[in-house]
Amino acid sequence: MSRIGKKPVALVKGVTASVSGQTISVTGPKGVRSFTAGDDVTLTVEGEMIKVTPRGLSKRARSQWGMSRSMIQNLVTGVTTGFKKELEIQGVGYRAAMKGKDVQLQLGFSHEVVFEVPAGVTVAAPKQTELVVEGIDQQLVGQVAANIREWRKPEPYKGKGIRYKGEFIFRKEGKKK
C-alpha cells in the first residue's frame, strides 16, 4: 500500500482542477499545469480534493499510485506558490548579470558565458554573486539551475564555482611540501 498515494491532494482556495480521461489540468493564480497519469491509476475530483486510486494490486500500479499523487501535488504547489532555486557564485572575478532575458556569466573563462533562459522560467540576479531561478514547473526550475551550475561546478580546493544556496562543499587540503 502506498502511504503517499492514500492521502488526497487538497485544492487551495483559488485553484481549480478538471479531469478528462487520464489527464488532469490544474488552474491557479500563477498559471495552468497539466499531468497525464498512466493507465494503472484512476483520477477523481471530489469537491476540494483530488483522489488517486490504483486500478489493480500489481507492483507497477502501486508505484504509479504514489508517483501520480506526488506529481499532482507538485502541480497544485506550482500554480499557487511556484518553485524557487537559489544559486551562489563564489570566486574572484566570478559574477552574473542579466542581459535582457538572458544571463551573462563571467566564470574565469576567456569569454563571457551567455545562458539563454527557456520559456516558463524566470531568472533574476539580485546581486552579482546570486541567481534566483523561479517558475511553476519544478522539473524545469531544477533543470535550469543544474544547467547554470554545470558551467562551473564548485571545486574542492578553493571552493570556487556555482553552488546551490546552503550547499556544503567538502574541502580538501592542498599539496604539502
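Nothing fancy with the numbering, it's 1 onward along the sequence.
In terms of hydrophobic clustering, with Ile, Leu, Val, Met, Phe, Trp and Tyr side chains grouped at heavy-atom distances under 4.5 Å, Phe115 and Ile89 are assigned to a common cluster. The hydrophobic clustering, which links ILVMFWY residues whose side-chain heavy atoms are closer than 4.5 Å, places Val15 and Ile24 together. Hydrophobic clustering keeps Ile4 apart from Ile50 (ILVMFWY residues linked when any side-chain heavy atoms are closer than 4.5 Å, directly or through intermediates). The hydrophobic clustering, which links ILVMFWY residues whose side-chain heavy atoms are closer than 4.5 Å, places Val92 and Leu105 apart. Linking ILVMFWY side-chain heavy atoms closer than 4.5 Å, directly or via other members, places Leu75 and Val141 in two distinct hydrophobic clusters.
With Arg55 contributing its side chain and Asp39 its backbone, the two residues share a donor-acceptor pair below 3.5 Å. Between the side chain of Gln64 and the main chain of Lys59, no donor-acceptor pair closer than 3.5 Å is present. Side-chain atoms of Glu155 come within 3.5 Å of backbone N or O of Lys158 as a donor-acceptor pair. Without hydrogens or angle criteria, Arg171 side chain to Tyr157 main chain gives a donor-acceptor distance under 3.5 Å. Side-chain N or O atoms of Trp65 include one that pairs as donor or acceptor with a backbone N or O of Val52 at under 3.5 Å. In this structure, Gln90 contributes its side chain and Gly161 its backbone to no donor-acceptor pair below 3.5 Å.
Counting all heavy atoms, side chain and backbone alike, Ala125 lies closest to Ala96 at CB-O, 4.4 Å. Contact detail for Pro118 and Val144: the closest heavy-atom pair is CG-CG2, 3.5 Å. The two residues Phe83 and Asp137 come nearest to each other via the heavy atoms CD1-C, 4.2 Å. Of all non-hydrogen atoms in Ala61 and Pro54, the two that sit nearest each other are O-CB, 4.2 Å. Closest approach of Arg152 to Leu107, counting heavy atoms only: NH2-O, 2.8 Å. Taking both residues in full, the closest heavy atoms of Leu140 and Ala119 are given as CD2-O, 3.6 Å, listed atom of the first, atom of the second, then distance.
In this structure, the side chains of Val45 and Ser18 stay at 4.5 Å or more apart for every pair of heavy atoms. Val76 has its side chain within reach of Leu11: a pair of non-hydrogen atoms, C-beta onward, lies under 4.5 Å apart. Between Lys160 and Tyr94, some side-chain heavy-atom pair lies under the 4.5 Å cut-off. With contacts defined as side-chain heavy-atom distances shorter than 4.5 Å, the pair Glu88/Glu86 does not qualify. At a threshold of 4.5 Å between non-hydrogen side-chain atoms, the residues Tyr164 and Arg149 count as touching. Residues Ile148 and Leu87 have side chains in contact (heavy-atom distance under 4.5 Å, counting atoms from C-beta outward). No side-chain heavy atom of Val26 sits less than 4.5 Å from a side-chain heavy atom of Val32. Inter-residue side-chain proximity for Val132 and Val123 is flagged as unmet; no heavy-atom pair is nearer than 4.5 Å.
Within the model, atoms CG of Asn74 and CD of Gln139 stand 11.0 Å from one another, a figure rounded to the nearest 0.5 Å. The line from CG of Leu131 to CZ of Arg95 is 13.5 Å long, rounded to the nearest 0.5 Å. One finds the OG1 atom of Thr77 at 12.0 Å from the NZ atom of Lys30 (value rounded to the nearest 0.5 Å). Remark: His111 NE2 to Gln106 CD distance equals 11.5 Å, nearest 0.5 Å. To the nearest 0.5 Å, the span separating CG on Asn147 from CD on Glu116 amounts to 12.0 Å. Put simply, CD on Gln73 and NZ on Lys7 are 9.5 Å apart, with the number rounded to the nearest 0.5 Å.
Phe168 does not carry Arg163 over the face of its six-membered ring by the limits of under 6.0 Å from the centre and within 45° of the normal.
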Stepwise salt bridge (Lys or Arg N to Asp or Glu O under 4.0 Å) check, Glu173 with Lys176: CA-CA 8 Å; Glu173 193 174 344; Lys176 293 183 181 177; 3.2 Å; yes
Chi angles and distances behind the side chain to side chain contact (heavy atoms under 4.5 Å, CB included) call for Glu46, Lys51: CA-CA 7 Å; Glu46 298 174 3; Lys51 290 189 179 180; 3.3 Å; yes
Derivation of the side chain to side chain contact (heavy atoms under 4.5 Å, CB included) call for Phe35 and Ser25: CA-CA 7 Å; Phe35 168 69; Ser25 126; over 6 Å; no
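Within 6.0 Å of CZ on Phe170 lie no more than 12 heavy atoms contributed by other residues, nucleotides or ligands. Counted within 6.0 Å of CZ on Arg60, heavy atoms from surrounding residues, nucleotides or ligands total 12 or fewer; the atom is thus considered open.
Checking Thr23 against Ser34 by side-chain atom types alone, no donor-acceptor pair falls below 3.5 Å.
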